[in-house]
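Counting starts at 1 for both ligands and their atoms, following the listed order.
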Amino acid sequence: MTDRRTQLAENLAQVEERIASACIAAGRKREEVTLIVVTKTYPASDVRILHELGVRHVAENRDQDAAPKAAACADLSLTWHFVGQLQTNKVRSVASYADVVQSVDRAKLVTALSAAAVRDGRELGCLIQVALDAESGERGARGGVAPDGIDELAAAVEAAPGLRLDGLMTVAPLAGPYAGRQRAAFDRLMEFSSRLRGNHPAANMVSAGMSADLEEAIAAGATHVRVGTAVLGVRPRLR
Ligand SMILES: *Cc1c(COP(=O)(O)O)cnc(C)c1O
């Protein structure tokens, strides 16, 4: 049995190789893609090892797990991304440790995040989560605003004190017209990103791609990939 550090180092090296190959295949520079390691369900000790191994971006999807973990790792220079569906009653906690909230999908959340950021004297990066399979006016099964709601939400973030509009995020849909068509889904997100950058040039982050589909995301033009399982192993419980 190998120890945890060796295991994580090996997994990280494999993911790094996949990212590097995908960049070469897409004619992109390696520096154009940032790896975010999704540490959900794994302990703070793993975050610490990952930091030693050079990881600087981590993501969590549940405040109950993330808040104590971020506190336990407060001495490390890490950028914390929040990527889960977020209820307004958790916003105050999340805003105290998160640097970027990738799951902004409704106006109420913008108002709450803004109030929390102002209260803490912090600036919070925000990504609009897009549900590519959601109908107009609805939200996706796993969160996200329907594509025709992006502009309004982006304007709200831009106007909100304490918030910074960073770009777009998506999770490839499991159902609907994009099911099993990750590349098409990520290409669509890139179209929305181009349009968004027309009005908000600084909002150039495109967060897409996970363990199973990071190559498709990099081919499409993603700037950030969110990788959990391929680095940390299969999670004990599905969340
Ligand atoms: C868990 C999660 C990931 C990572 O998924 P893996 O398949 O484990 O790489 C990425 N994005 C979000 C929003 C997640 O919840």
Side-chain angles (χ1 to χ4, degrees), residues 7-8 10-19 21-22 33-44 46-47 50 53 55-67 69-70 78-87 90 94 97-106 109 113 125-134 139-145 166-175 178-183 185-186 189 193 205-220 222-239:
Q7 193 177 55
L8 290 179
E10 281 174 12
N11 292 348
L12 205 52
Q14 268 170 30
V15 167
E16 179 50 48
E17 199 173 302
R18 286 176 62 190
I19 295 173
S21 303
V33 179
T34 300
L35 169 65
I36 302 172
V37 179
V38 184
T39 47
K40 65 188 182 196
T41 77
Y42 286 97
D46 280 354
V47 177
L50 289 167
L53 295 170
V55 170
R56 290 297 175 264
H57 292 261
V58 292
E60 288 283 329
N61 74 333
R62 281 164 53 100
D63 177 58
Q64 299 94 302
D65 299 333
K69 223 180 283 185
L78 283 167
T79 298
W80 290 82
H81 298 256
F82 192 85
V83 299
Q85 291 187 52
L86 181 51
Q87 293 162 320
K90 299 285 198 290
V94 169
Y97 59 82
D99 300 289
V100 180
V101 176
Q102 299 206 359
S103 44
V104 175
D105 62 358
R106 58 201 192 278
L109 202 49
L113 285 166
C126 291
L127 300 189
I128 310 289
Q129 182 180 346
V130 182
L132 293 163
D133 55 343
R139 299 226 311 282
R142 290 179 292 170
V145 67
D166 281 345
L168 300 180
M169 179 271 239
T170 204
V171 178
L174 294 172
Y178 287 106
R181 300 173 59 226
Q182 283 92 336
R183 179 60 199 273
F186 298 145
L189 184 73
S193 170
M205 272 179 72
V206 180
S207 173
M210 318 199 297
S211 293
D213 53 22
L214 68 88
E215 282 86 359
E216 284 86 351
I218 290 171
T223 63
H224 291 68
V225 292
R226 310 178 307 269
V227 180
T229 311
V231 173
L232 290 139
V234 177
R235 285 178 291 275
R237 276 183 286 155
L238 261 185
R239 277 177 175 169

query = If you measure from each heavy atom of Q102 to ligand 1, is any distance below 4.0 Å?
reply = no

key: R235 neighbourhood, listing ligand 1 atoms whose heavy-atom distance to it stays under 4.0 Å   = 1 (C), 8 (O)

query = Quick check: does any side chain N or O of R226 sit under 3.5 Å from a backbone N or O of S207, one acting as donor and the other as acceptor?
reply = yes

message = Is there a polar contact, in the sense of an N or O pair closer than 3.5 Å, between G228 and ligand 1?
response = yes

task = Pull out every atom of ligand 1 sitting under 4.0 Å from any heavy atom of T229, numbered as shown with elements.
result = 6 (P), 7 (O), 8 (O), 9 (O)

inquiry  = Is any side-chain heavy atom of T34 closer than 4.5 Å to one of T223?
reply    = no

message = Any side-chain to backbone donor/acceptor pair from D105 onto V145? Under 3.5 Å, distance only.
response = no

key: Donor-acceptor under 3.5 Å (K40 side chain, V83 main chain)   = no

request  = Counting heavy atoms only, name the option from M210, R226, K40 that's nearest to atom 14 (C) of ligand 1.
outcome  = K40

inquiry  = Treating Y42 as the side-chain partner and G228 as the backbone partner, does any N or O pair qualify as donor plus acceptor under 3.5 Å?
reply    = no

query = Quick one: which ligand 1 atoms are inside 4.0 Å of a heavy atom on V227?
reply = 9 (O)

